[in-house]
Amino acid sequence: MASEISPKAEISPKARIGNNCKIFPFVYIEDDVVIGDNCIIFPFVSILDGTRMGAHNKVHQGSVIGALPQDFDFRGEKSECIIGDNNIIRENVVINRATHTGGQTILGNENVLMEGSHISHDTKVGNRCVFGYGTKIAGDCFIEDGAIFSSSVIANARTRVGRAAMVQAGTTFSKDVPPGIICTKKVQYGGINTTMLNFYGTDEKVQKHIANAYRLVFHGQTSLFDAVLQIEQQVPDSPEIRHIIEFLRSSELGIITKL
């Protein structure tokens with residue numbers, strides 16, 4: 001089915017637009033852009049060079065996709081901004097493309113970006129994440145599936161947020177947030193995120209094991225290295241526990257409330 005494109009939209013003839021899209025007036029789309037099928041692009045959206053968008057996305061008024069990276073190392077190189085399928089991108093959202101040639105900023109599938117949120121250069125976002133009003137994700141961050149950011153969260157550069165973690169409103173953090181926990185405004189451990197763990201079908205017994213693992217990490221009087229060893233020795237094995245151990249061991253910045 002042919003796409004419905006307003007004659008008042010400014011779209012490069014070099015851009016590739018999929019089938020059954022609806023593009024409203026005053027949309028601006030540059031040359032090196034690919035948009036998949038069944039997307040809705042509302043008025044005053046800019047989709048810039050390097051953007052590769054999948055299917056069934058909705059991009060609301062005033063958003064800029066594939067914006068130039070806000071990085072002093074940027075020298076005008078070609079890079080990409082990859083958007084998956086079934087994302088909802090609300091008003092005035094900015095997503096930057098990557099800084100260097102071959103680099104990618106990636107937003108996966110079924111994410112919701114609320115008004116005024118910002119995903120910076122080279123950040124990788126998984127699936128089914130939520131970014132609340134005014135949340136800002138700095139460059140080179142890594143966000144796993146199902147992470148939830150309440151409003152006005154600031155994730156500083158190179159931080160990681162684990163699967164099914166939640167960051168409370170107004171929080172600014174510079175260290176990693178492990179999987180399945182709640183990070184409070186004081187940037188400390190606030191218990192496991194049972195809501196999202198239930199959503200992912202995590203068994204109640206495994207949730208208790210996860211809580212025990214994090215007690216060793218956050219309440220034990222030991223280093224993170226030793227806490228991970230204790231988890232391996234004391235907590236029953238499961239894919240969820242192995243993922244936590246891998247996340248903790250691979251942290252380069254350290255984790256919240258741990259030096």
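Annotation: side-chain hydrogen bond (donor to acceptor under 3.5 Å, both in side chains) contacts involving residues 180-204, sequence neighbours excluded, comprise N198-Q207. For residues 124-140, no pair satisfies side-chain hydrogen bond (donor to acceptor under 3.5 Å, both in side chains), with sequence neighbours left out.
Inter-residue side-chain proximity for L253 and N156 is flagged as unmet; no heavy-atom pair is nearer than 4.5 Å. Using a 4.5 Å heavy-atom threshold, the side chains of T51 and R97 count as separate. Between I35 and I29 there is a side-chain heavy-atom pair separated by less than 4.5 Å. Between P43 and Q61, some side-chain heavy-atom pair lies under the 4.5 Å cut-off. Side-chain contact between D49 and D31: present, with at least one pair of heavy atoms (C-beta onward) separated by less than 4.5 Å. Between S12 and V33 there is no side-chain heavy-atom pair separated by less than 4.5 Å. Two residues are said to be in side-chain contact when any heavy atoms from C-beta on lie closer than 4.5 Å; L48 and Y28 meet this criterion.
Under a hydrophobic-cluster definition in which Ile, Leu, Val, Met, Phe, Trp and Tyr are linked whenever side-chain heavy atoms come within less than 4.5 Å, directly or via other members, V27 and V59 are assigned to the same cluster. Hydrophobic clustering keeps I119 apart from F74 (ILVMFWY residues linked when any side-chain heavy atoms are closer than 4.5 Å, directly or through intermediates). L216 and I182 fall into different hydrophobic clusters, where Ile, Leu, Val, Met, Phe, Trp and Tyr side chains are chained together by heavy-atom contacts under 4.5 Å. The hydrophobic cluster containing V93 also contains I23, counting ILVMFWY residues as joined when their side-chain heavy atoms lie under 4.5 angstrom apart, directly or transitively. Transitive grouping of hydrophobic side chains (ILVMFWY, heavy atoms separated by less than 4.5 Å) brings I245 and I192 into a common cluster.
Expressed to the nearest 0.5 Å, how far SG of C183 lies from CD1 of I256 amounts to 4.0 Å. Distance check, rounded to the nearest 0.5 Å: CZ of F149 to CZ of F173 gives 5.0 Å. The CG atom of L197 lies 5.0 Å from the CD1 atom of I210; values are rounded to the nearest 0.5 Å. Atom CG in D176 sits 9.5 Å away from atom SG in C141 (nearest 0.5 Å). Atoms CG and NE2, from N92 and H118 in turn, are 12.5 Å apart once rounded to the nearest 0.5 Å. Between atom CD of residue Q168 and atom OG of residue S152 there is a gap of 13.5 Å, rounded to the nearest 0.5 Å.
Between I143 and F131, the shortest heavy-atom contact is CD1-CE2, 3.9 Å. Between S250 and R160, the closest heavy-atom pair is OG-NH1, 2.9 Å. Nearest heavy-atom pair, A98 versus P69, reported as atom, atom and distance to 0.1 Å: O-CG, 3.5 Å. For E144 against P179, the heavy-atom pair with the smallest separation is OE1-CG, 4.2 Å. Between K175 and G254, the closest heavy-atom pair is CB-O, 3.4 Å. Closest approach of S3 and G18 over heavy atoms only: OG-O, 2.5 Å.
Shown are D73, T99, N96; of these, the side-chain hydrogen bond (donor to acceptor under 3.5 Å, both in side chains) with H121 is made only by T99.
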Under the side chain to side chain contact (heavy atoms under 4.5 Å, CB included) rule, what do I244 and V217 come out as? Steps first, then yes or no, please.
CA-CA 11 Å; I244 290 169; V217 172; over 6 Å; no

Derivation and outcome, side chain to side chain contact (heavy atoms under 4.5 Å, CB included), residues R158 and E252
CA-CA 9 Å; R158 297 175 51 242; E252 296 180 355; 3.4 Å; yes

Side chain to side chain contact (heavy atoms under 4.5 Å, CB included) for I89 and I95? Distances and angles first, verdict last.
CA-CA 10 Å; I89 299 173; I95 305 177; 4.2 Å; yes

Please lay out, stage by stage, how N19 and M1 fare under the test side chain to side chain contact (heavy atoms under 4.5 Å, CB included).
CA-CA 6 Å; N19 296 317; M1 186 174 180; 5.5 Å; no

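Side-chain atoms of S120 come within 3.5 Å of backbone atoms of I137 as a donor-acceptor pair (strictly under, hydrogens ignored). Under the 3.5 Å distance criterion, the side-chain polar atoms of N20 are left unmatched by any main-chain donor or acceptor of N38. Put simply, the side chain of T257 never gets that close to the backbone of V187: no donor and acceptor are under 3.5 Å apart.
Within the hydrophobic cluster formed by Ile, Leu, Val, Met, Phe, Trp and Tyr side chains joined at under 4.5 Å, directly or through other members, I40 is accompanied by F24, F42.
Looking at N111 and N87, their side chains do bring a donor and an acceptor atom within 3.5 Å of each other. Residues N86 and N109 have side chains that never bring a donor and an acceptor to within less than 3.5 angstrom of each other.
Residue-environment remark: CD (E4) stays at or below the threshold of 12 foreign heavy atoms within 6.0 Å. Around atom CD of E10, no more than 12 heavy atoms belonging to other residues, nucleotides or ligands sit under 6.0 Å away. Atom CZ of R16 has 12 or fewer heavy atoms from other residues, nucleotides or ligands within 6.0 Å.
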